[in-house]
Amino acid sequence: MKMNRNIRFFAIPALAALLFSTACSSTESTTNLNGEISAETIVLQTEPVIEPQVLTQAQLYYKCLNTLEYLNQISGSVVLRNGCNYPTITHGTFSFDFINGHYYADVNEFDSEDDTTCIQNVKTYTNGTDCIRLFDEKGNAENTYTEETCELSLAAQTFPNAYPSETDVMTADSANAEAVFYGTLGWDPTGAHELGGCFIPQEISIGYLENFDNWEIIDTKEVQGRTCAIVQGIADPSYGDRFGVSTFEILVDQETGVWMQFEGYAEDGTISDYIYTENMCFGDMAQTVPQFSDSMTAGYTYLETE
């Protein structure tokens with residue numbers, strides 16, 4: 001898929017909600033001295049209409065770094081392309097209940113050169129203390145599963161302000177470029193791996209948004225019933241080159257900081273990296289989290305972990 005995109009920047013709207021007035025009319029009639037009804041008098045009434053709030057850059061960046069502070073339940077599906085040298089395409093569905101610590105993710109990995117053949121399917125069930133993963137190795141007769149005891153905390157990795165220090169984050173230098181995880185720098189309590197680039201986008205937010213001079217919020221847009229900030233920018237080569245990204249556009253849910261959509265463009269304007277979500281539901285509208293049962297391990301070999 002190719003898309004040519006000329007990135008244009010516009011001034012960021014003020015933080016305070018703008019109030020506009022819409023007029024609706026009512027009529028009043030008067031009588032003259034002879035008791036006859038005279039021409040009607042038009043009376044204008046005004047009702048304030050509040051435009052959606054547009055976040056400042058600092059506010060949006062903080063939310064992207066700390067989405068777990070704003071999520072209680074969330075479910076949906078996502079397709080994303082990850083990496084430049086050895087890229088993969090990931091299809092996944094998820095349902096997370098951060099209140100009760102119940103998480104489910106169904107992740108399918110595809111080679112970017114052949115997005116019709118699944119390489120591996122991983123289903124993860126987490127109940128807050130126990131995490132079970134079922135590994136279905138496509139083309140491999142032996143499928144495995146693991147059981148781990150997890151001590152997970154939603155507060156394991158959050159940033160107190162919009163400008164994390166170098167000691168708080170994992171830098172993206174060449175020495176650890178292969179090790180940096182695409183989604184989250186901190187603990188991912190859900191065990192959803194690459195899907196974290198959508199709902200816990202810490203690492204990619206730092207990579208693309210840390211330098212406020214490189215991007216702007218140009219407008220808002222309704223996406224899947226959510227008010228999203230439209231972010232357009234230029235990628236810092238130290239980060240963007242790892243994914244073949246020169247410029248980008250992000251649709252960020254203003255309430256939570258979740259990345260509803262991301263498109264990274266190569267120098268020729270083609271899409272080189274992306275995150276696309278569907279059926280995103282928040283709060284009480286989120287899908288119920290599936291629960292693990294022992295019968296699901298039938299046909300899988302237990303793999304002991306350290």
What's the verdict on side chain to side chain donor-acceptor pair (under 3.5 Å) for Q224 and T277, showing C-alpha distance, side-chain angles and the deciding distance?
CA-CA 9 Å; Q224 301 178 51; T277 66; 3.1 Å; yes
Nearest 0.5 Å, what's the [atom1]-[atom2] distance between [X] and [Y]?
X    : Y    : atom1 : atom2 : answer
T144 : Y300 : OG1   : OH    : 9.0 Å
Q254 : K63  : CD    : NZ    : 7.5 Å
R81  : F110 : CZ    : CZ    : 15.0 Å
I230 : I217 : CD1   : CD1   : 10.5 Å
I119 : T90  : CD1   : OG1   : 9.0 Å
Q73  : C281 : CD    : SG    : 11.5 Å

Those residues that, when tested against F94, pass ring-ring contact (aromatic ring centres under 6.0 Å, His included) (two or more places apart):
F96, F199
Who passes ring-ring contact (aromatic ring centres under 6.0 Å, His included) against Y125, sequence neighbours left out?
Y104, F292
Close side-chain approach of [X] and [Y], heavy atoms under 4.5 Å:
X    : Y    : result
E147 : I132 : yes
K138 : E109 : no
I206 : Y61  : yes
I271 : Y265 : yes
E249 : V231 : no
T256 : I74  : no
W215 : I250 : no
T288 : S95  : no

Answer yes or no: are there more than 12 heavy-atom neighbours, outside E137 itself, under 6.0 Å from its atom CD?
yes
Residues, nucleotides or ligands: over 12 heavy atoms within 6.0 Å of Q291 CD:
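Yes.
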Once ring pair (Phe, Tyr, Trp, His ring centres under 6.0 Å) is applied, what residue pairs with a partner in residues 127-148 remain, sequence neighbours excluded?
Y145-Y302
Write down the atom of [X], the atom of [Y], and the distance for their closest heavy-atom approach.
X    : Y    : result
P201 : T67  : CD-CG2, 3.7 Å
C131 : T126 : SG-OG1, 3.4 Å
L195 : V107 : CD1-CG2, 3.9 Å
S75  : A286 : OG-CA, 3.5 Å
G197 : I204 : O-CD1, 3.2 Å
I200 : L68  : CD1-CD2, 3.9 Å

What residue among D136, N143, D106 forms side chain to side chain donor-acceptor pair (under 3.5 Å) with N121?
D106
Go through C64 and W259 one step at a time and tell me if the side-chain contact (heavy atoms from CB on, under 4.5 Å) criterion holds.
CA-CA 8 Å; C64 290; W259 286 30; 3.4 Å; yes
Do the side-chain N and O atoms of Y274 and Q261 include a donor-acceptor pair separated by under 3.5 angstrom?
no
Side-chain ion pair, R133 and E148, N-O less than 4.0 Å
yes
For [X] and [Y], indicate whether the former's side chain and the latter's backbone hold a donor-acceptor pair under 3.5 Å.
X    : Y    : value
S272 : G244 : yes
Q202 : L65  : yes
Q57  : F212 : yes
D97  : N100 : yes

Between L60 and F282, is there shared hydrophobic-cluster membership here, with clusters defined by ILVMFWY side-chain heavy atoms closer than 4.5 Å?
yes
Treating Ile, Leu, Val, Met, Phe, Trp and Tyr as nodes and any side-chain heavy-atom pair under 4.5 angstrom as an edge, say whether V122 and I89 lie in one connected cluster.
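Shared cluster, no.
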Write out all pairs satisfying salt bridge (Lys or Arg N to Asp or Glu O under 4.0 Å) with one or both partners inside residues 224-235, taking only residues at least two apart or from two chains.
R226-D253, R226-E255
Could you walk me through whether C198 and M280 pass the side-chain contact (heavy atoms from CB on, under 4.5 Å) check?
CA-CA 11 Å; C198 159; M280 296 288 281; 3.8 Å; yes
Indicate the ring-plane relationship of Y208 and Y239, choosing parallel, tilted or perpendicular according to the 30° and 60° boundaries.
perpendicular
Taking the six-membered ring for Trp, are F98 and Y103 parallel (under 30°), tilted (30 to 60°) or perpendicular (over 60°)?
tilted
Set of salt bridge (charged side-chain N to carboxylate O under 4.0 Å, His left out) partners for K221, sequence neighbours left out
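Checked K221 against salt bridge (charged side-chain N to carboxylate O under 4.0 Å, His left out); zero matches.
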Salt bridge (charged side-chain N to carboxylate O under 4.0 Å, His left out) involving D130 - partner list, sequence neighbours excluded
none
From CA spacing to verdict: side-chain contact (heavy atoms from CB on, under 4.5 Å), V252, L55:
CA-CA 10 Å; V252 181; L55 302 180; over 6 Å; no
